[in-house]
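Single-structure report; data block below.
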Amino acid sequence: MSIDVPQERPRPALGSLSGRASLRSRVAEALREALVVGELEPGSIYSAPALAQRLGVSATPVREAMMELAQEGLVEPLRHRGYRVVEFSDRALDEILEVRTLLEAPMVGQAVTLAGPEQVADLRALADGIERAAADGDLTGFIAADTAFHLRLLSIAGNTRLVEEVRRLRGMSRLSAVKRLHEEGLLASTMREHHALLDLVEAGDAAGAEDLMRRHLGHVRGVWAGRSEQA
């Protein structure tokens, strides 16, 4: 079955390109955020010039970023057509979450034993930013702040390879119900878990932090994806 290329018409801007990383890296991160919240739809084809227009940059860093995402298995390049967003089956998404849980929960437990007051304070500021973005309905901003929070927390454990693998796996997540949850006023309750997690970090409760992290990750394939969550 062929897929028609969407018309090149004006679209809403994608993500934020603020930050000190290279332009290609910032473009790639903005595109990951758009993939996660469904602004770039699975199975759809997007051209580099059209994405560049939405991001307010030239097409070159977009092409470079899309090739990076292709290497991560998030999109596939189509000759003379653009890039198709890869569709993941429910089983594949469940398996991705299982791997994330196996990686992230123990890393949080390690971070508890190593985190200092300044690191916790920085994470508190990020948690506040997550809640503001969720309350404002800035969904790509919410994903950006949430990603920064979790990767910075995990980085305290000191394993950069695992942090990069978590970053890649997070890009495969599909949080299709986040917009609806915001509209129904239900998103804010799960956002408060970030501060609860930091309370456990400050208390030195590694087991409690790992348990909360598992429950928090459950939202990825639960309410954030429009599915019921297991108890």
Side-chain angles (χ1 to χ4, degrees), residues 19-21 25-26 28-29 32-33 35-37 68-69 71-74 88 92-134 141-175 178 187-225 229-231:
R20 290 176 292 180
S25 296
R26 286 179 281 148
E29 200 57 43
R32 286 190 191 93
E33 294 155 12
L35 288 168
V36 170
V37 297
E68 180 179 330
L69 299 187
Q71 291 177 345
E72 296 174 9
L74 302 179
F88 295 105
L93 290 169
D94 289 340
E95 291 174 348
I96 290 165
L97 176 61
E98 183 177 357
V99 174
R100 284 187 59 189
T101 303
L102 290 171
L103 293 176
E104 294 183 55
M107 289 176 72
V108 166
Q110 293 178 42
V112 168
T113 66
L114 298 170
E118 291 185 1
Q119 291 168 311
V120 173
D122 288 342
L123 289 166
R124 289 280 185 198
L126 284 173
D128 289 339
I130 293 169
E131 292 185 3
R132 285 194 300 271
F142 151 65
I143 294 297
D146 185 68
T147 298
F149 174 92
H150 285 283
L151 295 183
R152 192 170 300 180
L153 175 60
L154 296 177
S155 70
I156 295 172
N159 192 321
T160 57
R161 290 182 182 273
L162 282 180
V163 172
E164 286 307 308
E165 181 62 14
V166 169
R167 181 194 299 275
R168 187 182 73 85
L169 293 171
R170 286 179 66 91
M172 296 180 179
S173 302
R174 296 292 180 265
L175 309 183
V178 165
L187 188 59
S189 61
T190 61
M191 295 305 97
R192 287 192 285 271
E193 291 179 354
H194 296 90
H195 280 295
L197 182 58
L198 292 176
D199 290 341
L200 293 168
V201 173
E202 286 188 312
D205 187 350
E210 288 187 30
D211 182 64
L212 179 54
M213 189 64 191
R214 291 187 187 94
R215 286 184 280 123
H216 186 71
L217 284 170
H219 302 323
V220 173
R221 294 296 294 144
V223 293
W224 294 352
E229 295 189 354
Q230 297 181 358

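Taking every heavy atom of both residues into account, Q119 and L114 meet most closely at OE1-O, 3.8 Å. When all heavy atoms are compared, the tightest approach of L169 to I96 is O-CG2, 3.9 Å. Here the closest heavy-atom approach between residue E193 and residue L212 is recorded as O-CD2, 3.8 Å. Residues F88 and G73 share a closest heavy-atom pair of CZ-O, 3.6 Å. Annotation for A206 and G109: closest pair CB-O, 3.7 Å, computed over non-hydrogen atoms. The two residues L198 and A127 have their closest heavy-atom pair at CD1-CB, 4.4 Å.
Around CZ of R168, the count of heavy atoms belonging to other residues, nucleotides or ligands within 6.0 Å exceeds 12.
Applying the salt bridge (charged side-chain N to carboxylate O under 4.0 Å, His left out) rule to pairs touching residues 100-113 yields R100-E104, sequence neighbours excluded.
Interatomic distance, CD1 of I130 versus OG1 of T147, reported as 8.5 Å (0.5 Å rounding). Note that the CG atom of L93 and the CE atom of M172 stand 9.5 Å from one another [nearest 0.5 Å]. A distance of 11.5 Å separates CD of Q110 from CD1 of I156, quoted to the nearest 0.5 Å. Atom CG of L200 sits about 9.0 Å away from atom CG of D211, to the nearest 0.5 Å. Atoms OG1 and CZ, on T101 and R215 in that order, are 13.0 Å from each other to the nearest 0.5 Å. Within the model, atoms CG of D94 and CD of E98 stand 9.0 Å from one another, a figure rounded to the nearest 0.5 Å.
A heavy-atom distance below 4.5 Å is not found between the side chains of V201 and L123. L126 has its side chain within reach of R152: a pair of non-hydrogen atoms, C-beta onward, lies under 4.5 Å apart. Residues L97 and L217 form a side-chain contact, since some pair of their non-hydrogen atoms from C-beta on lies under 4.5 Å apart.
Here E72 pairs with R32 in a salt bridge; the nearest charged N to carboxylate O distance falls below 4.0 Å.
With sequence neighbours excluded, the residues that form a side chain to side chain contact (heavy atoms under 4.5 Å, CB included) with R167 are E29, L151, E164. Scanning for salt bridge (charged side-chain N to carboxylate O under 4.0 Å, His left out) contacts around R132 gives an empty result, with sequence neighbours left out.
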Derivation of the side chain to side chain contact (heavy atoms under 4.5 Å, CB included) call for M213 and H150: CA-CA 10 Å; M213 189 64 191; H150 285 283; 3.4 Å; yes

Run the side chain to side chain contact (heavy atoms under 4.5 Å, CB included) check on E165 and L103 step by step: do they pass? CA-CA 9 Å; E165 181 62 14; L103 293 176; 4.0 Å; yes

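Side-chain atoms of D128 and H194 form no donor-acceptor pair, as typed in the model, at a separation below 3.5 Å.
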